[in-house]
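Step one of this worksheet: look at the structure below.
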Amino acid sequence: GLRMMYDFMVPEPGAFLIASLQNSHSDALQIDKPAEFTIQPNHLNEVNYHYWIHQYGATGIQPPPEEFITKTLNYNTGGGDDKADYTHSGIIAIDEGYQAVQGSVGVLWNMWESTAAVDVVLGRRTTRFSDGDSWVWTANLNNETGSIPFALKTFRISDVSSAVEVKCRRTERAYKKWQLETHAKLMDAYQTKLSEYEATLAALEMRAGVAIQGKNPALNLTMMKDELKKHCITILTRQHFDLFDAIQNGTNGLPQLDLWENEAEGPYVRFFEQAFEWEQITWITYPYFWGRKSEWTERIAYEDSDPLFNDFLKAGYCRVMVPVRPGFEGAIDHFMTFGEVWNGGPLPAISSPLYLPIAVELAERLDRPGSEIPEGDPWEVRVPTTLVKLKADDALPQWQKDAQGNWLPA
């Protein structure tokens with residue numbers, strides 16, 4: 001007689017397997033590739049060069065030159081009679097890579113008369129200190145490099161003390177030199193890091209071997225059935241197995257059963273494993289274009305040696321039919337109506353008016369025997385494969401049976 005069947009439409013049935021298979025090989029070779037060093041020398045600055053040092057573990061890199069430094073000079077003299085005048089001249093050295101931008105001279109003195117004065121020269125700037133003037137004179141300089149001259153002359157001064165400061169700014173050339181030198185050292189560190197990465201990756205790939213796509217067709221069939229079973233149960237129960245968690249960590253830190261959770265999950269799992277004859281699951285795949293358009297190009301490029309598995313991975317949709325185990329029809333109808341598993345006792349009556357039409361349709365799609373009459377002799381079909389035959393010659397293997405009835409290579 002006819003059996004009660006359930007008909008499911010599953011989108012992209014191989015999506016999870018594809019993600020899993022793609023990650024399995026890459027996970028084995030997981031190693032972080034150093035970030036590409038693309039920054040130009042003129043983009044290095046006081047802030048970002050620390051980041052690149054950290055990225056590549058670079059050593060021997062000096063911080064950029066300070067933007068401003070100050071050079072100083074002091075001069076003191078006095079103690080002569082009222083006819084004595086004092087003079088002094090000197091050189092203030094300016095560090096390489098800097099230029100003088102501003103100078104200041106402070107003067108303290110004792111004078112013989114009100115017409116007393118102190119004349120000062122700093123680079124190309126001059127000034128005279130007279131009675132009643134400020135004690136400090138400041139002037140912008142002319143970007144002198146290497147050194148800057150200083151001179152002082154007094155008139156009617158008994159004692160004088162002077163303090164000179166020259167503010168120097170980093171030159172553009174010095175900053176560019178630091179950028180170029182730092183960039184070169186960072187590039188060396190990057191190349192070293194990249195070479196270490198490539199060597200490590202090559203070693204891992206050698207140990208991991210070549211990833212072969214082809215699998216045992218029987219294993220592929222088991223995977224496909226399990227995936228479809230998962231999808232069908234998800235559609236029936238409207239959940240994604242997120243609540244299944246019947247294992248907890250014990251007092252010793254090792255996994256153990258969560259008895260309360262198992263009491264709730266166990267009957268649920270047993271019901272869906274027993275209510276359907278999952279071993280009789282049947283499906284038909286539909287083309288890739290029923291799936292996500294963003295995945296079309298990838299889907300049509302799949303080429304697995306197992307044609308059934310290849311169609312499964314490419315499928316945009318899949319129609320799945322699962323027979324209900326005889327005697328569980330009412331229990332499944334009860335679950336679909338009330339959302340709870342049937343825990344024994346007399347089974348409820350089937351209430352769905354679509355039960356018989358679905359059963360008839362599924363029976364027809366499962367090629368229920370009719371009045372067909374086979375004609376002619378059967379023939380074999382050779383399926384092309386991309387698997388490599390690991391034999392040095394074209395000879396087929398020979399087998400012979402031993403005394404115990406075991407087949408062994410000849």
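Values in this document were obtained by computation on a predicted structure and should not be read as measured data. The first residue in the sequence is number 1, and the count goes up from there.
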How long is the gap from CD1 on Ile148 to CD on Gln99, to the nearest 0.5 Å? 11.5 Å
With a 4.5 Å cut-off on side-chain heavy atoms, are Leu17 and Phe312 touching? yes
The test is side-chain contact (heavy atoms from CB on, under 4.5 Å); show your working for Arg299 and Ile18 and say whether it passes. CA-CA 10 Å; Arg299 292 291 191 268; Ile18 291 171; 3.5 Å; yes
Any side-chain heavy-atom pair of Ile53 and Leu186 under 4.5 Å: yes
Report yes or no: do Glu67 and Tyr98 form a side-chain donor-acceptor pair below 3.5 Å? no
Angle class for the Trp178/Tyr175 ring planes (parallel below 30°, perpendicular above 60°, tilted otherwise)? parallel
How about Leu152 and Tyr86: do any of their side-chain heavy atoms sit closer than 4.5 Å? no
Give, for atom NZ of Lys314 and atom OH of Tyr302, the distance between the pair rounded to the nearest 0.5 Å. 10.0 Å
Classify the side-chain pair Arg125/Asn140 by whether it contains a donor and acceptor separated by less than 3.5 Å. no
Using the ring of Phe68 (Phe, Tyr or Trp, six-membered ring only), decide whether Lys167 places NZ or CZ under 6.0 Å from its centre and within 45 degrees of its axis. yes
Rounded to the nearest 0.5 Å, what's the gap from OH on Tyr288 to NZ on Lys293? Could you check? 10.0 Å
I'd like to know whether the aromatic ring centres of His183 and Phe37 sit less than 6.0 Å apart in this structure. yes
Check: Arg325 side chain, Ala275 main-chain N or O, donor-acceptor pair, under 3.5 Å: no
Can the ring centres of Tyr317 and Trp283 be said to be less than 6.0 Å apart? no
Ionic contact status for Glu196 with Lys193, cut-off 4.0 Å: no
From OG (Ser161) to OH (Tyr75), nearest 0.5 Å: 10.0 Å
For Gln239 and Thr237, does a side-chain donor sit closer than 3.5 Å to a side-chain acceptor? yes
Taking Thr127 for the side chain and Val120 for the main chain, is one N or O donor matched with an acceptor at less than 3.5 Å? no
More than 12 heavy atoms of other residues, nucleotides or ligands under 6.0 Å from CZ of Phe16: is that the case? no
Of all the heavy-atom pairs spanning Glu265 and Leu243, show the shortest one and how long it is. OE2-O, 3.3 Å
SB check Lys229 Glu273 (cutoff 4.0 Å): yes
Looking at Lys153 and Asp119, is there a salt bridge between them, counting it only when a charged N and a carboxylate O are closer than 4.0 Å? no
Tell me whether the count of non-hydrogen atoms from other residues, nucleotides or ligands lying under 6.0 Å of CG in Asn252 goes above 12. yes
Mark yes when over 12 heavy atoms from residues, nucleotides or ligands other than Glu96 sit less than 6.0 Å from its CD; otherwise mark no. no
Between Asp311 and Thr285, is any side-chain donor less than 3.5 angstrom from a side-chain acceptor? no
Can you check whether Tyr49 and Trp52 have ring centres sitting under 6.0 Å from each other? no
Quick one: does Thr222's side chain have a donor or acceptor within less than 3.5 Å of a partner on Ala218's backbone? yes
Quick one: does any side-chain atom of Thr282 pair with a main-chain N or O of Gln280 as donor and acceptor, under 3.5 Å? yes
Please give me the minimum heavy-atom distance between Pro65 and Arg170, naming the atom from each residue. O-NH1, 2.6 Å
Mind telling me whether Tyr268 and Phe272 have parallel, tilted or perpendicular rings, with 30° and 60° as the class edges? tilted
So for atom CD, which belongs to Glu66, do other residues, nucleotides or ligands contribute more than 12 heavy atoms lying within a distance under 6.0 Å? no
Please confirm whether the backbone N or O of His43 pairs with a side-chain atom of Asn48, one donor and one acceptor, at under 3.5 Å? yes
From CA spacing to verdict: side-chain contact (heavy atoms from CB on, under 4.5 Å), Leu236, Phe276: CA-CA 12 Å; Leu236 280 173; Phe276 295 89; 3.6 Å; yes
Leu308 and Leu221, any side-chain heavy atoms less than 4.5 Å apart: yes
What is the distance from atom CG of Asn249 to atom CD of Gln256, rounded to the nearest 0.5 Å? 8.0 Å
Any carboxylate oxygen within less than 4.0 angstrom of a Lys/Arg side-chain nitrogen, looking at Lys71 and Asp95? yes
Taking atom NZ of Lys230 and atom SG of Cys232, what is their separation to the nearest 0.5 Å? 11.5 Å
